[in-house]
Amino acid sequence: MLKKLFKSFHSPLRRAPRPRSTPEVLNSSQHPLKRNEISRHAISVVERLQKAGYQAYLVGGCVRDLLLDIDPKDFDVATSATPEQVRAEFRNARVIGRRFKLVHVHFGREIIEVATFRANHPQGDEEENTNLASRNESGRILRDNVYGTLEDDAQRRDFTINALYYDPTQEHILDYARGMHDVRNHLVRLIGDPEQRYLEDPVRMLRAVRFAAKLDFDIEKHSAAPIRRLAPMLRDIPSARLFDEVLKLFLAGYAEYTFDLLLEHDLFAQLFPASGEALKRNPGYTEKLIRQALINTDDRIHDGKSVTPAFLFAALLWPALPARVLQLQNKGMPPIPAMQEAAHELIAEQCQRIAVPKRFTIPIREIWDMQERLPRRSGKRADLLLENPRFRAGYDFLLLRELAGEDTGGLGQWWTDYQDANDSERRQMIRDLAGKGEATGNAPRKRRRSNNNRRKRSDESGGE
């Protein structure tokens, strides 16, 4: 903590740097990058484009990460060649995208992404909206296929640390925006005027948080200042795009720190409105549950284990659910149908903001549904629940709730013991429940059928 405070007071601050027309050139003795650390396919793409007469460089995150001794997730190339010209050079390439036209060059499982140098959008009223470039009324870029020079491209980059161009042929780095300075000083800084850049693309606010969390950098003072005020602009971003951004935020191994930054800059409530309200109503429990889920996710990623977005979204949204369930129960709806109806409404609302695919919303509802079923253990119910394919996820979620301080009457420990017990021990555990007055499952047949019918109707009305 003291180290971070020291860095925040002593990090040099520069307002809105503009890229130089002539870059600082760092030769191989002035930077640590080595050709043998770089994908041979990425180098071959650059060299082939250069031999064809085009400018081509490795750019962005791969250069930044190599400078920080981080293994790049992928390699991007920037070039003076248009997408069609790149496609003509590589038989294993295809043009993708409408908002940003790109070329993917395929080498087995590895994909090298190639982008044409881009320029600033035209400013004249007649030229502002064309088939190449367009903005909406707030200034957000809707289409960006205005091509330009290398210098133009550097100015169009979002952050200084992403505006470093590496030529593997000459083994030098071109730095147009003092990106090396900010890498050394651990700063995430926007190029140009921060407010204008956020207006062009509000997702840059999430990207600033993501890079700060991933790299353990600070967001530079002037780049951070407008975020809280402009955070509501995320509501205008397509929900499908926000889903992709949320996965990048929370499934990269630094989810807990990301959560802290999202709260600090008032971005979390823009992504999860209902959970944001729950944080206000019950801050202790809500934050503890979400934080523990994110810690568990980070631990699994660091251990090389798989993670599922369904469990993560179930945890992020859960704090908003119990109050809705209680409202429906107070209106006379039985517990399980109330859970299903509340879950349906909450997920439908959330999907308006973040388009969570159906392949995840169904498991989310099943995990939540298990929370109502796990206390019902008498008779054969416990064994039937153990055979349920969602039992493990539901059981893990129950333990998560207990870790957050929720009192379940020792339910998590009971299920832990039941899984480890032999058959005779399990029968005794069930008899002990009956002796304590647990429900026997012998509800009148007519009432049970009515509940089943209601549950069936609720399931059929789903399908987020």
Test your reading of the model: is there a side-chain donor-acceptor pair from R365 to the backbone of M339, 3.5 Å cut-off? no
What's the spacing between T258 OG1 and F211 CZ if we round to 0.5 Å? 11.5 Å
For the pair F272 and F250, name the ring-plane relationship: parallel under 30°, tilted 30 to 60°, perpendicular over 60°. tilted
Listed by chain and number, what are the side chain to side chain contact (heavy atoms under 4.5 Å, CB included) partners of A56, not counting sequence neighbours? V46, L49, Q50, V77, T79
What pair of heavy atoms forms the shortest contact from A310 to I364, and how long is it? O-CG1, 3.3 Å
Would R373 and D369 count as a salt bridge (Lys or Arg N to Asp or Glu O under 4.0 Å) if you check the C-alpha gap in whole Å, the side-chain angles of each, and the deciding distance to 0.1 Å? CA-CA 7 Å; R373 296 182 184 277; D369 186 60; 2.5 Å; yes
Would the distance check show the side chain of H31 and the main-chain N or O of E171 forming a donor-acceptor pair, the cut-off being under 3.5 Å? yes
OG (S28) and CD (Q170) are apart, to the nearest 0.5 Å, by 10.0 Å
With a 4.0 Å cut-off on N to O distance, would you call D182 and R178 a salt bridge? no
Taking the side chain from D152 and the backbone from T149, do they hold a donor-acceptor pair closer than 3.5 Å? yes
Is N27 atom CG crowded by more than 12 heavy atoms from other residues, nucleotides or ligands, each under 6.0 Å away? yes
SB check R87 E84 (cutoff 4.0 Å): no
Does T286 offer a backbone N or O that forms a donor-acceptor pair with the side chain of N282 under 3.5 Å? no
Over all heavy atoms of both residues, which pair between E220 and R189 is shortest? Give the atoms and the distance, please. CG-NH1, 3.5 Å
What is the minimum heavy-atom distance between A231 and D266, and which atoms define it? CB-O, 3.5 Å
Report yes if the side chains of D65 and L215 come closer than 4.5 Å at any heavy-atom pair, otherwise no. yes
Plane angle bin for H41 and F107 - parallel if under 30°, tilted between 30 and 60°, otherwise perpendicular: parallel
Can you list the steps and then say if Y257 with D216 is a side-chain contact (heavy atoms from CB on, under 4.5 Å)? CA-CA 9 Å; Y257 186 29; D216 195 21; 3.9 Å; yes
Value for CD1 (I354) from CD1 (I237), rounded to nearest 0.5 Å, stands at 12.0 Å
Indicate yes or no: at least one non-hydrogen side-chain atom of L206 is less than 4.5 angstrom from one of L262. yes
I'd like to know if D153 and R157 make a salt bridge, using a cut-off of under 4.0 Å between side-chain N and carboxylate O. yes
Spell out, as yes or no, whether a donor-acceptor pair under 3.5 Å connects the side chain of D76 to the backbone of G60. no
Using modelled atom types only, decide if a donor and an acceptor are shared between the side chain of N92 and the backbone of H106 within a distance under 3.5 Å. yes
Within a 6.0 Å radius of atom CG on D303, are there more than 12 heavy atoms belonging to other residues, nucleotides or ligands? yes
Heavy-atom donor-acceptor pair, D298 side chain to Y254 backbone, under 3.5 Å: yes
Evaluate the criterion side-chain contact (heavy atoms from CB on, under 4.5 Å) for residue pair V63 and N162; output intermediate values, then yes/no. CA-CA 8 Å; V63 179; N162 291 340; over 6 Å; no
Do Y198 and S223 have side chains that approach each other closer than 4.5 Å (heavy atoms only, starting at C-beta)? yes
Do R64 and F159 meet the cation-pi criteria used here (NZ or CZ under 6.0 Å from the six-membered ring centre, within 45° of the axis)? no
Working to the nearest 0.5 angstrom, can you tell me the gap between L164 CG and L174 CG? 9.5 Å
I need the minimum non-hydrogen distance between E37 and F75, along with the two atoms involved. O-CZ, 4.4 Å
Counting C-beta onward and ignoring hydrogens, is there a side-chain heavy-atom pair between L66 and I38 closer than 4.5 Å? yes
Determine the interplanar angle of the Y418 and W415 rings, folded into 0 to 90°, and report it as parallel if under 30°, tilted if 30 to 60°, perpendicular if over 60°. perpendicular
Taking atom CG of L150 and atom CZ of R118, what is their separation to the nearest 0.5 Å? 14.0 Å
Regarding K51 and E89, does a basic nitrogen lie under 4.0 Å from an acidic carboxylate oxygen? no
Check whether any side-chain N or O of Q371 sits under 3.5 Å from a backbone N or O of I367 as a donor-acceptor pair, and report yes or no. yes
Check this for me: does any side-chain nitrogen of one of D299 and K305 sit under 4.0 Å from a carboxylate oxygen of the other? no
If you apply the rule ring-ring contact (aromatic ring centres under 6.0 Å, His included), what do you find for F360 with F313, and how did you get there? CA-CA 8 Å; F360 298 130; F313 275 96; 7.5 Å; no
Going by heavy atoms in the side chains, are F90 and S44 under 4.5 Å from each other? no
E366 side chain near M370 side chain, heavy-atom distance below 4.5 Å: no
Does R300 reach the main-chain N or O of S306 with its side chain, forming a donor-acceptor pair under 3.5 Å? yes
Heavy-atom side-chain proximity of L67 to I173 below 4.5 angstrom: yes
Let me see the working for L263 and L279 under side-chain contact (heavy atoms from CB on, under 4.5 Å), right down to the final yes or no. CA-CA 10 Å; L263 291 179; L279 271 169; 3.7 Å; yes
For the backbone of A81 and the side chain of T116, can you confirm whether one donor and one acceptor N or O come within less than 3.5 Å of each other? yes
Side-chain contact test, heavy atoms from C-beta onward, threshold under 4.5 Å: evaluate it for I347 versus W368 and give yes or no. yes
Go through it in stages, so that I can follow the logic: the residues are K248 and D244, the test is salt bridge (Lys or Arg N to Asp or Glu O under 4.0 Å), and I'd like the CA-CA distance, side-chain angles, deciding distance and then a yes or no. CA-CA 6 Å; K248 293 176 184 176; D244 292 336; over 6 Å; no
For the residue pair G253 and I301, what are the closest heavy atoms and their distance? N-CD1, 3.6 Å
Could you go through the side-chain contact (heavy atoms from CB on, under 4.5 Å) check for I219 and H265 one step at a time? CA-CA 11 Å; I219 303 176; H265 296 288; 3.9 Å; yes
On a heavy-atom basis, the closest approach of W318 and R401 is CZ2-NE, 3.7 Å
Rounded to the nearest 0.5 Å, what separates atom OG in S275 from atom CD1 in I290? 5.0 Å
